[in-house]
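Here the structure is laid out as C-alpha cells; the discussion comes afterwards.
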Amino acid sequence: MIDTALLAQEADNLGLNLTEEQLDDFDRFAEMLDFWNGKINLTAIKDPTEMVYKHFADSLTVLAAVAMPQGASFVDVGTGGGFPGLPLLIARRDLHGVLLDSTQKKLLFVDRALNGLNLTEQGRTLHMRAEDAGRTLNLRNRFDFSVSRAVANLRELSEYCLPLTKVGGTFVALKGSKAGEELTEAKAAIKLFGGEVADIKRFVLGEMGERNVIVIQKTSPTPPKYPRLSAKIAKEPITSAQ
Ligand code: SAM
C-alpha cells in the first residue's frame, strides 16, 4: 500500500537502516490504519505518500534526534493511532513501550496493530489520562524516555511527560515550525518539573515541511504536587518558577 522504497530512503536520510521485514511491517501497519480509519476516526492522513512522511518518517525522527540505548523503555503520551510509539517499536525491536491515551477506541486499534505486527512482548496500551498516570506510583519516574506528538502545547505537555520520565531520562516532543515559540513559553514549566532543554533538532521531511524535535533531559525529580488535575493545567499555566 505504501511506497516502501520511499520510506527506506526517508529513513536512510535520518541515518536509520530499515530491513525488508521492517518495511513490510510498516506496510501492514499502513493497511490496518487504512482499514480501521474507515470505521473509527484515527487520522486525517489517508494518502499513502503523506502517510510515509507525516506518520512514519516523522515518528522516526525521534530515533535520529536521541540515542535510545538497547532495551530502553518509553511512554508515548497521547499515542492516538500509535504515533510515534508504533513506528519506534517496529524500527527498534529491542525497545519497550507503553502507548498511553485517554481515548479507548483508538487504543483498541493500537492493540490490534500490536497483535498483528507481533509486538505484544514489546508494547502495550494504557487507557489513562497522562496526568493521572503521572500520579500513579508504578508509572511516575518510571520511563527512560517519554515521547509525544500533537497532544498539547509544550508547557502543558511538560506537565504530562516529565513526571513519567526517570531522573536521568529524556522527554522528546515532536513539534512543527512553532517549536521555538512554544519553548519560550514553556521554559519556566520545564524547569519547575525537573527538566533542562538539551537540544532542538530540525528536520525537513521531503516537501512536507519543517519538523522540530525538542529534547529535554530530566535532571531533578518533579515536585510531588505535579502533575495537577487537567482543568488546573489548562486554567493555571505555569509562567514563572513557583
Ligand atoms: N500522537 C498521535 C499522533 O500524532 O497522530 C495522536 C494525536 S491526537 C491529535 C491527540 C491524542 O492525545 C488523542 O488521541 C487524545 O485522546 C490524546 N490525549 C489528549 N490529552 C490527553 C491526556 N491528558 N492524556 C492522555 N491522552 C491524551
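Heavy atoms only: backbone and side chains are in, while hydrogens, waters and symmetry mates are out. Whatever order the structure lists them in is the order used to number ligands and atoms, beginning at 1.
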Atom indices of ligand 1 within 4.0 angstrom of [X] heavy atoms, with elements:
X: G80; result: 6 (C), 14 (O)
X: M128; result: 25 (C)
X: S102; result: 16 (O), 18 (N), 21 (C), 25 (C), 26 (N), 27 (C)
X: V151; result: 12 (O), 19 (C), 20 (N)
X: R129; result: 22 (C), 23 (N), 24 (N), 25 (C)
X: K106; result: 13 (C), 14 (O)
X: Y160; result: 23 (N)
X: A130; result: 22 (C), 23 (N), 24 (N), 25 (C)

E210 atom CD, neighbour heavy-atom count above 12 within 6.0 Å:
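Buried by this count: over 12 neighbours within 6.0 Å.
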Does the side chain of D27 pick up a donor-acceptor pair with the side chain of T4 at under 3.5 Å?
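Their side chains do not contain a donor-acceptor pair, so the 3.5 Å distance test is not met.
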Would you check if there is a donor-acceptor pair between the side chains of T19 and Q22 at a distance under 3.5 Å?
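Result is yes, a qualifying pair exists.
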Tell me which protein heavy atom sits closest to [atom], plus the residue, atom name and distance to 0.1 Å.
atom: atom 10 (C) of ligand 1; value: A150 O, 3.4 Å
atom: atom 6 (C) of ligand 1; value: G78 O, 3.4 Å
atom: atom 5 (O) of ligand 1; value: R149 NH2, 3.2 Å

Considering only NZ, NE, NH1 and NH2 on the basic side and carboxylate oxygens on the acidic side, decide whether E182 and K178 come within less than 4.0 Å.
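Answer for the salt bridge query: no.
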Salt-bridge present (K46, D34; N to O < 4.0 Å)
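The answer is no: the pair does not qualify as a salt bridge.
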Find out whether [X] and [Y] are in side-chain contact, i.e. whether some heavy atom of one side chain is under 4.5 Å from a heavy atom of the other.
X: T165; Y: T222; answer: no
X: D25; Y: R93; answer: yes
X: F203; Y: L14; answer: yes

Please give me the minimum heavy-atom distance between D101 and G80, naming the atom from each residue.
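So the two residues come closest at OD2-N, 2.8 Å.
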Selected option - heavy-atom contact closest to atom 17 (C) of ligand 1, from L157, D101, L174:
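When every heavy atom of L157, D101, L174 is considered, D101 comes closest to atom 17 (C) of ligand 1.
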Answer side chain, backbone, both or neither: which part of L100 comes under 4.0 Å from ligand 1, heavy atoms only.
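Side chain only.
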Between F83 and ligand 1, does any nitrogen or oxygen pair lie at a separation below 3.5 Å?
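Yes, there is a polar N/O contact under 3.5 Å.
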